[in-house]
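Note sheet for the following structure.
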Amino acid sequence: MSETTTPAETPEADERKLPALGEPAPDFELPASTGKKIKLSKLRGKKVVIYFYPQDMTPTCTQESCDFRDYNGKLKRAGAVVLGISPDDLKRHGKFIEKYELPFPLLADTELEACKLYGVWTLKKLYGREYMGVERSTFLIDAEGKLVREWRKVKIKDHVNQVLEAVKALGKTEQA
């Protein structure tokens with residue numbers, strides 16, 4: 001699925017409530033590049049950073065993923081697990097991980113389950129053309145499984161550093 005070639009679709013009339021800060025993060029289970037399925041609720045006890053991105057191997061998505069790769073050690077030391085999610089399939093994720101040495105799982109949301117739960121599957125516009133696609137977004141979930149921060153319509157410059165600072169701040173409030 002190409003972000004720039006997906007035909008325009010009529011947004012589905014979706015009455016689902018988007019996740020709200022302080023509430024339990026919407027649970028999902030998706031196939032991961034590790035060869036297993038990852039269920040969000042099974043990660044309770046850990047802070048989780050989920051970043052949704054449109055497509056493997058595109059310039060901006062590659063830069064964002066490499067930024068998370070470069071900060072992965074710092075995020076781990078701060079107690080966070082990183083998960084990347086896009087509509088790409090596992091085969092494409094595998095190539096992406098191999099090419100850029102990504103140290104965290106990428107989840108294949110080919111049916112857009114998590115994308116819709118988190119409200120990131122949206123109508124987009126590019127050069128006057130409308131199409132459905134993933135809005136680059138990141139979510140921080142605390143060890144209790146509650147959504148504590150969200151970044152929507154992410155601009156990647158300094159984004160991962162902002163996420164790291166939020167993870168560190170969350171660690172301080174959990175200890176207080």
Side-chain angles (χ1 to χ4, degrees), residues 14-56 61 64-90 92-94 96-97 100-122 134-154 156 158-176:
D14 196 344
E15 298 300 316
R16 256 187 293 221
K17 186 178 146 217
L18 293 180
L21 295 180
E23 291 184 3
D27 197 18
F28 58 81
E29 183 175 39
L30 294 172
S33 56
T34 58
K36 299 180 179 179
K37 287 190 173 189
I38 291 181
K39 186 171 178 71
L40 181 62
S41 58
K42 298 277 186 187
L43 296 173
R44 292 256 164 83
K46 299 177 183 180
K47 294 173 259 189
V48 181
V49 173
I50 302 172
Y51 75 100
F52 288 89
Y53 64 100
Q55 187 177 19
D56 294 338
C61 296
E64 180 182 27
S65 295
C66 289
D67 288 352
F68 274 108
R69 175 199 64 202
D70 296 346
Y71 273 70
N72 191 57
K74 293 176 183 177
L75 288 160
K76 269 181 142 172
R77 284 190 292 282
V81 173
V82 175
L83 301 173
I85 300 177
S86 84
D88 292 306
D89 63 23
L90 289 176
R92 189 160 171 98
H93 279 339
F96 192 45
I97 287 169
Y100 295 102
E101 300 177 358
L102 304 179
F104 45 80
L106 296 180
L107 282 57
D109 193 12
T110 57
E111 300 298 316
L112 306 172
E113 173 193 346
C115 288
K116 289 179 180 179
L117 282 173
Y118 283 79
V120 301
W121 184 250
T122 63
V134 174
E135 177 182 88
R136 189 177 314 282
S137 303
T138 302
F139 298 87
L140 175 57
I141 299 160
D142 70 10
E144 295 175 6
K146 293 182 181 167
L147 181 64
V148 293
R149 283 290 302 270
E150 65 179 24
W151 295 264
R152 294 189 180 265
K153 297 183 181 179
V154 166
I156 62 169
D158 200 43
H159 174 62
V160 176
N161 189 53
Q162 293 170 11
V163 173
L164 176 61
E165 292 307 313
V167 169
K168 287 179 178 177
L170 179 59
K172 290 175 186 171
T173 60
E174 288 174 343
Q175 293 171 355

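The CG atom of L90 sits 8.5 Å away from the CG atom of L107 when rounded to the nearest 0.5 Å. Considering CZ of F96 and OG of S33, their distance stands at 11.0 Å, rounded to 0.5 Å. For the atom pair L140 CG and Y51 OH, the distance stands at 15.5 Å (nearest 0.5 Å). F68 CZ to H159 NE2: the interatomic distance, rounded to the nearest 0.5 Å, is 4.5 Å. Atoms CD1 and CG, on I141 and L40 in that order, are 4.5 Å from each other to the nearest 0.5 Å. Rounding to the nearest 0.5 angstrom, the gap separating the CD atom in E165 from the CG atom in L170 is 12.5 Å.
If you run side-chain contact (heavy atoms from CB on, under 4.5 Å) between Y53 and each of V154, L106, V134, I85, only L106 comes through.
Contact annotation: the side chain of Y100 never approaches that of S65 to less than 4.5 Å [non-hydrogen atoms, C-beta and beyond]. Proximity of L75 to K47: side-chain heavy atoms (C-beta onward) are nowhere separated by under 4.5 Å. Looking at K74 and K168, their side chains never come closer than 4.5 Å, going by heavy atoms from C-beta outward. Side-chain contact between V49 and F104 is absent, with no heavy atoms from C-beta onward closer than 4.5 Å. Using a 4.5 Å cut-off on side-chain heavy atoms (C-beta onward), T138 and V160 make no contact. V120 is listed as a side-chain neighbour of F139, based on a closest heavy-atom distance under 4.5 Å.
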| request: Verify side-chain contact (heavy atoms from CB on, under 4.5 Å) between H93 and S86, making sure each step is shown before the conclusion. | output: CA-CA 9 Å; H93 279 339; S86 84; 3.1 Å; yes
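Checked by atom type and distance alone, the side chain of T110 never pairs as donor or acceptor with a backbone atom of A108 at under 3.5 Å. Put simply, the side chain of D109 gets close to the backbone of C115: a donor and an acceptor are under 3.5 Å apart. The backbone N or O of K153 lies less than 3.5 Å from no partner atom in the side chain of R136, so there is not a single donor-acceptor pair. Proximity of a side-chain donor or acceptor of Y71 to a complementary backbone N or O of N161 within less than 3.5 Å is not detected.
Other residues, nucleotides and ligands place more than 12 heavy atoms under 6.0 Å from the NZ atom of K39.
What you find for D88 and P54 is that their closest heavy atoms are OD2-O, 4.4 Å. The two atoms that bring G119 and R152 nearest to each other are O-NH1, 3.5 Å, heavy atoms only. Counting all heavy atoms, side chain and backbone alike, Y118 lies closest to A25 at OH-CB, 3.4 Å. Contact between W121 and P87 at its shortest, heavy atoms only, is CZ3-CG, 4.4 Å.
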